[in-house]
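Just below is one structure, and these are the notes that go with it.
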Number of protein chains: 2
Amino acid sequence: MGRNAHFNNEQFVDAALKIAAGQGPAAMTIAAVAREVGAPVGSVYHRFLSRDMLLAEVWLKVVSSFQEAFLQALQKGKGLDAALHTPRWVRQYPAEARILLLYRREELAAGDWQDDLKERVLRIKCTLEDGMNDYVKRAFGKAGREERNRTVYALIDVPYAAVIRYIRQGVKPPRDVDDYIRQTYSAIMGREK
Amino acid sequence: MGRNAHFNNEQFVDAALKIAAGQGPAAMTIAAVAREVGAPVGSVYHRFLSRDMLLAEVWLKVVSSFQEAFLQALQKGKGLDAALHTPRWVRQYPAEARILLLYRREELAAGDWQDDLKERVLRIKCTLEDGMNDYVKRAFGKAGREERNRTVYALIDVPYAAVIRYIRQGVKPPRDVDDYIRQTYSAIMGREK
DNA sequence: CATATATTAGAATATAAATTCTAATATGTC
DNA sequence: GACATATTAGAATTTATATTCTAATATATG
């Protein structure tokens, strides 16, 4: 029943992602997204309650993309592999990387998210946190504040630091960054078993 | 000649800095700045050509503040000291740190800056670059691409990585971060002479 | 083939903020 | 003390975008 759709949700999310990654979230206006897709603005609002909701979908897509492979490495107990996931992922998904690493969620969509979305964000966040805690416990035998901080630094913050400069420049991180991450990893976490 | 001023440029820049640091650059509206100072919006425009110009002044103030002590350490050949400057500065100037490390210049003021301002930004940028190059040359005997990248990583990117999590949370970086920076420094740059 | 309705279509409206404009006010100088 | 002018004052205007609204359109279903 009803007319066939010319467009689908994914097209709008992808267009929004592309624009936000390329020109910053402020440039991601509804009109710009509609233009990119070739749709009228009404069709955007037919599918998304508001601009914030659209950006929320972008955010969720980006975070999920990153986190999946990261958590897999973690669950296998491969800390160094997890640390090296960041430069790999950044090379593979440059637009997504710009969104995830250049902006904070609050900048993307400041407004009130529906409970639905808050729930999804929370679930993703908890999944990451649980994965980290498990890993820390296995690696150190316990998961105190210092052990957790140290692990977050080596597996997340350092890889981020190593690539952020290149993301800003809009170029792929050179191979050197993998070496820096490796060297830092063994300095902070010790040699991998 | 003429009426005495009730306000001065610095008051507006400081108010803008405070608002941008606390609620993000988007919240730094002219009206908000005027309200914070207790001045009419006309007085803001009397002193600053546009919102972008005001944000540019904020940016310059913040960058200069950071760079001064950093370059001093660098000129003394104290690489580790320069690396540890970041957490020190972040603890001392939390608002400035939020601006510098949470946002990029382009987000703050995207528009066309006057030549005057472009010039000042360029000078600051070059000063930093020259300081880094000199340091690299002294530390490694030469300043090739790899040596520069390595140094930028250890002196700038890693300290940034170590503190960014706490800046986002709005709390002072704990003492641990200095240890992480030290350990990473000797792993990447070798023990300091 | 008639009809209900999902979807497209885009014009109209609302809103928020930047910027401009005109007037009022002090104060140093003659 | 009168005047020129730097500055305050804040109302009016413009602009950019989000959002709403009304109408048109196509298609699955009976």
Side-chain angles (χ1 to χ4, degrees), chain A residues 1-20 22-59 103 106-114 117, chain B residues 1-59 103 105-114 117:
Chain A
M1 52 184 122
R3 173 180 185 167
N4 271 5
H6 282 186
F7 317 106
N8 57 56
N9 287 24
E10 204 186 355
Q11 280 177 284
F12 291 108
V13 173
D14 286 345
L17 194 155
K18 181 176 169 186
I19 293 166
Q23 298 143 254
M28 198 230 80
T29 64
I30 299 295
V33 171
R35 200 179 322 120
E36 173 78 23
V37 172
V41 298
S43 291
V44 181
Y45 279 96
H46 179 65
R47 287 158 193 289
F48 301 92
L49 204 57
S50 68
R51 177 178 180 278
D52 268 5
M53 290 302 144
L54 176 52
L55 271 172
E57 294 294 346
V58 170
W59 182 250
Y103 309 101
E106 301 81 43
E107 291 172 69
L108 284 178
D112 326 298
W113 290 17
Q114 293 171 307
L117 279 169
Chain B
M1 53 186 123
R3 173 180 184 165
N4 272 4
H6 281 186
F7 317 106
N8 57 54
N9 286 24
E10 203 187 354
Q11 280 177 283
F12 291 107
V13 174
D14 287 346
L17 195 155
K18 180 177 169 185
I19 294 166
Q23 299 145 255
M28 198 229 80
T29 65
I30 299 294
V33 172
R35 198 178 323 120
E36 173 79 24
V37 172
V41 298
S43 291
V44 181
Y45 280 95
H46 179 67
R47 288 159 191 287
F48 301 92
L49 204 58
S50 68
R51 178 177 180 278
D52 269 5
M53 291 301 144
L54 176 53
L55 271 172
E57 295 294 346
V58 170
W59 182 250
Y103 308 103
R105 190 178 65 61
E106 301 81 44
E107 291 171 70
L108 284 177
D112 326 298
W113 289 17
Q114 292 170 306
L117 279 169

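So you know, we letter chains A, B, ... as the sequences are listed, proteins then strands, and number each from 1.
Distances were taken from every side-chain heavy atom of A:Tyr45 (C-beta onward) to each of D:dT8, D:dT20, C:dT7; the shortest belongs to D:dT20. For A:Ala5, the listed nucleotide lying nearest its side chain is C:dT8; candidates were C:dT8, D:dT19, D:dT8. Side chain of B:Arg47, nearest nucleotide from C:dT19, D:dT7, C:dT7: D:dT7.
Atom CZ of B:Arg35 and atom C1' of C:dA16 are 12 Å apart (whole Å). Across the protein-nucleic acid pair, A:Leu49 atom CG and D:dT20 atom C1' stand 12 Å apart, rounded to whole Å. Atom CZ in A:Arg3 sits about 6 Å away from atom C1' in C:dT7, given to the nearest Å. Going from atom CE of B:Met28 over to atom C1' of C:dA16 covers 15 Å, rounded to whole Å. If you take CZ of A:Phe7 and C1' of D:dT25, they are 13 Å apart, rounded to a whole angstrom. Atom CD of B:Gln11 and atom C1' of D:dT8 are 13 Å apart (whole Å). Computed from coordinates, the A:Leu55 CG to D:dA18 C1' distance equals 13 Å when rounded to whole Å. The nearest whole Å value for the distance from the CD1 atom in B:Ile30 to the P atom in C:dC21 is 17 Å.
At distances below 3.5 Å, at least one donor-acceptor pair connects side-chain atoms of A:Arg51 with backbone N or O atoms of A:Met28. Within the 3.5 Å criterion, the main-chain N or O of A:Leu54 finds no donor-acceptor partner in the side chain of A:Glu57.
Of the two residues contacting DNA chain D, namely A:Val41 and A:Gly2, the nearest-nucleotide position lying further toward the 5' end is that of A:Val41. Of the residues near DNA chain C, B:His6 and B:Gly42, the one whose nearest nucleotide (by heavy atom distance) lies more toward the 5' end is B:Gly42.
For the OP1/OP2 pair of C:dA18 and a distance below 4.0 Å, the side-chain nitrogens and oxygens of B:Arg51 include at least one atom meeting the criterion. Within the 4.0 Å cut-off from OP1 or OP2 of D:dA28, at least one side-chain nitrogen or oxygen of A:Asn4 is found. The side chain of A:Ser43 places an N or O atom within less than 4.0 Å of a non-bridging phosphate oxygen (OP1 or OP2) of C:dT8.
Residues A:Gln11 and A:Glu36 fail the side-chain proximity criterion, which asks for heavy atoms closer than 4.5 Å. In this structure, the side chains of B:Val44 and B:Phe7 stay at 4.5 Å or more apart for every pair of heavy atoms.
If you check every strand for non-hydrogen atoms under 4.0 Å, A:His46 touches a base.
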Derivation of the side-chain contact (heavy atoms from CB on, under 4.5 Å) call for B:Phe48 and B:Ile30: CA-CA 10 Å; B:Phe48 301 92; B:Ile30 299 294; over 6 Å; no

